[in-house]
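Data block below; observations after.
Sequential numbering from 1 along the given sequence is applied to the chain's residues.
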Amino acid sequence: MYISPSVLIRLLLVPILAMVAIQLLFVRAVSSVNMTNPYLHHKCFVTLGKYKPGSQYEKNLKRIINEFPKGSFKRGFISMTLGESPDFIVMLFQCRGDTHGPKCRSCYATAKPEFFKRCPRHKGGIIWYDQCSLYFSTIDSLGMIDYDNNFCMSNATKISDDLYNQVKPRHFIDDMIQNATREAKRDAPYYMAEEKRVGKETIYGMAECSFDMSQKNCRKCLERNNFYFARCFWDKLGARVLGKSCSFRYEFYPFIFPKAGPKYLKP
Ligand SMILES: *[C@@H]1O[C@H](CO)[C@@H](O)[C@H](O)[C@H]1NC(C)=O
Ligand SMILES: *[C@@H]1O[C@H](CO)[C@@H](O)[C@H](O)[C@H]1NC(C)=O
């Protein structure tokens, strides 16, 4: 069969154009996720010290980062450990309960280089983004509540008296904690997103725990932070309290991805 040159060019051009279109779509999808996934905070664990270039610790770290199982993004969380003391390393990565698949992968791709930039050669630390957190340490404290790495960020604006009389953020959060931790979960982190109409406004909230938290520890962690950070947020128009073991947030605007779909697939 004879193919005229113009057809040949068209045959070649179509796939190239399609590829460009796919790439443009991909770039747009990634950048729109980044736009809504701001950096929040980080902490380098100074007491754990730093590693030397070429050390066993650095080798372990590189291996752990490079051997990240692909299924983790679908599930939205993973912990990995490698090596023996003093080069033992534990890594925890978890996406927000409504963030999985490409959004979760994109959050990891953002958080990883940023952690190494902000905590150069540190053996441990945490970095928080809107949709995920990444943690490294030399101490395996899986399952234990972390009381040292919690913080609160609140909206500078105060809630109006009228609104406060209709919804007290601390009570709304407490309600959410009870709801989030009502049922025992075996293979999934505790997570709950809720909304409630209050007059003309709607309050949106979420509460969740690191996947290694038991039902009891999850509730304990959330309740403790709801109490401990009350002065930061009790009368504010929005706030989040984050940590290694648990976090919660409320706003008077929606911030959870709609139709997030099932996240917690059994491994
Ligand atoms: C918790 O669950 C109860 C019963 O399902 C519900 O009425 C309540 O609104 C929930 N709490 C919040 C903060 O949404
Ligand atoms: C503070 O809350 C208001 C009302 O929900 C919101 O419009 C505004 O963006 C918030 N400010 C910050 C810095 O989050």
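Contact check for Ser133 versus Ile127: no side-chain heavy atoms found under the 4.5 Å cut-off. Thr99 places none of its side-chain heavy atoms less than 4.5 Å from the side chain of Phe73. Residues Val241 and Phe233 meet the side-chain proximity criterion, which asks for heavy atoms closer than 4.5 Å. Between Arg96 and Phe257 the shortest side-chain heavy-atom distance falls below 4.5 Å. Between Glu201 and Val167 there is no side-chain heavy-atom pair separated by less than 4.5 Å. Taking 4.5 Å as the limit, some side-chain heavy atom of Phe45 sits within range of a side-chain heavy atom of Ile126. Using a 4.5 Å heavy-atom cutoff, the side chains of Met206 and Tyr250 are not in contact. Under the 4.5 Å side-chain criterion, counting only non-hydrogen atoms from C-beta, Tyr129 is not in contact with Leu40.
Enclosure of atom NZ in Lys50 by more than 12 non-hydrogen atoms of other residues, nucleotides or ligands within 6.0 angstrom is indicated. Annotation: Lys236, atom NZ; neighbour count of heavy atoms from other residues, nucleotides and ligands within 6.0 Å is above 12. Atom CG of Asn66 has more than 12 neighbouring heavy atoms from other residues, nucleotides or ligands inside a 6.0 Å radius.
No donor-acceptor pair closer than 3.5 Å links the side chain of Asn217 to the backbone N or O of Arg219. Judged by distance alone, with hydrogens and angles left aside, the side-chain atoms of Glu58 form a donor-acceptor pair with the main-chain N or O of Gly54 at under 3.5 Å. Between the side chain of Asn226 and the main chain of Leu222, no donor-acceptor pair closer than 3.5 Å is present. For Asn37 (side chain) and Gln131 (main-chain N/O), a donor-acceptor pair under 3.5 Å exists by modelled atom type. Judged purely by atom type and a 3.5 angstrom limit, Asp235 has no side-chain atom pairing as donor or acceptor with the backbone of Ile159. Put simply, the side chain of Thr181 gets close to the backbone of Ile177: a donor and an acceptor are under 3.5 Å apart.
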Review point. Please walk me through it: do Cys107 and Cys132 pass disulfide bond (SG atoms under 2.5 Å apart)?
Key: CA-CA 6 Å; Cys107 197; Cys132 68; 2.1 Å; yes
Exercise for review: Please test Lys112 against Glu114 for salt bridge (Lys or Arg N to Asp or Glu O under 4.0 Å), starting from the C-alpha separation and ending with a verdict.
Suggested key: CA-CA 5 Å; Lys112 187 177 69 171; Glu114 199 59 29; over 6 Å; no
Review point. Taking it one step at a time, do Phe136 and Val90 satisfy side chain to side chain contact (heavy atoms under 4.5 Å, CB included)?
Key: CA-CA 6 Å; Phe136 293 100; Val90 53; over 6 Å; no
Practice item. Determine, stepwise, if the pair Asp175 / Arg170 fulfils salt bridge (Lys or Arg N to Asp or Glu O under 4.0 Å). Key: CA-CA 9 Å; Asp175 238 28; Arg170 277 198 63 196; over 6 Å; no
Point to revise | Evaluation steps, side chain to side chain contact (heavy atoms under 4.5 Å, CB included), between Ile78 and Met91 | key: CA-CA 8 Å; Ile78 184 154; Met91 183 199 81; 4.0 Å; yes
Point to revise | Pair Glu208-Gln94, side chain to side chain contact (heavy atoms under 4.5 Å, CB included): steps then yes or no | key: CA-CA 11 Å; Glu208 72 176 340; Gln94 185 165 334; 4.2 Å; yes
Practice item. Walk me through it: do Cys95 and Lys103 pass the test side chain to side chain contact (heavy atoms under 4.5 Å, CB included)? Key: CA-CA 9 Å; Cys95 284; Lys103 286 195 194 85; over 6 Å; no
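Of all the heavy atoms in Met192 and Glu194, the pair that sits closest is SD-OE2, 2.8 Å. Here the closest heavy-atom approach between residue Leu48 and residue Lys123 is recorded as O-CD, 3.5 Å. Here the closest heavy-atom approach between residue Ser79 and residue Phe211 is recorded as CB-CZ, 3.4 Å.
In the hydrophobic cluster analysis, where Ile, Leu, Val, Met, Phe, Trp and Tyr join through side-chain heavy atoms closer than 4.5 angstrom, Tyr147 is grouped apart from Leu242. By the rule that hydrophobic residues join a cluster once side-chain heavy atoms approach within less than 4.5 Å of another member, Tyr135 and Tyr57 end up as members of separate clusters. Note: the hydrophobic cluster containing Ile173 also contains Leu237 (ILVMFWY, side chain heavy atoms under 4.5 Å, direct or indirect links). Transitive grouping of hydrophobic side chains (ILVMFWY, heavy atoms separated by less than 4.5 Å) brings Met153 and Trp128 into a common cluster. Note: the hydrophobic cluster containing Met176 also contains Tyr228 (ILVMFWY, side chain heavy atoms under 4.5 Å, direct or indirect links).
Using a cutoff of 4.0 Å between basic side-chain nitrogens and carboxylate oxygens, Glu183 and Lys185 are not scored as salt-bridged.
A cation-pi contact, defined as under 6.0 Å to the ring centre and within 45° of the axis, links Lys168 to Tyr164. For the pair Arg75 and Phe77, the cation sits on the ring face: its NZ or CZ lies under 6.0 Å from the ring centre, inside 45° of the axis. For the pair Arg240 and Phe255, the NZ or CZ position fails the cation-pi test of under 6.0 Å to the six-membered ring centre and within 45 degrees of the ring normal.
At a cut-off of 3.5 Å, with distance as the only test, no side-chain donor of Arg63 or Asn60 sits close to an acceptor on the other residue. Side-chain N/O atoms of Gln178 and Glu223 include a donor and acceptor closer than 3.5 Å. The closest side-chain donor-acceptor pair between Tyr39 and Arg118 falls under 3.5 angstrom. Between the side chains of Ser210 and Asp212, at least one donor N or O sits under 3.5 Å from an acceptor N or O. Lys244 and Asn149 share no donor-acceptor pair across their side chains, judged by distance under 3.5 Å alone.
For Phe68 and Tyr108, the ring centers are positioned less than 6.0 Å apart. Aromatic pair Phe115/His42: ring centres not closer than 6.0 Å. Remark: aromatic rings of Trp234 and Phe229 are distant, center separation not under 6.0 Å.
Of the residues Asn155, Val198, Thr202, the one that meets the side-chain contact (heavy atoms from CB on, under 4.5 Å) test with Phe252 is Val198. A side-chain contact (heavy atoms from CB on, under 4.5 Å) with Ile145 is found for exactly one of Cys246, Cys209, Cys221, namely Cys221.
Rounded to the nearest 0.5 Å, atoms CZ (Arg182) and CD (Gln215) are 10.5 Å apart. Between the NE2 atom of His122 and the OH atom of Tyr51 there is a distance of 9.5 Å, given to the nearest 0.5 Å. Expressed to the nearest 0.5 Å, how far CZ of Arg121 lies from CG of Leu61 amounts to 10.0 Å. Rounded to the nearest 0.5 Å, atoms CD1 (Ile139) and CE (Met144) are 9.0 Å apart. Leu82 CG to Ile89 CD1: the interatomic distance, rounded to the nearest 0.5 Å, is 7.5 Å. Between Asn225 atom CG and Asn150 atom CG the span is 4.0 Å, to the nearest 0.5 Å.
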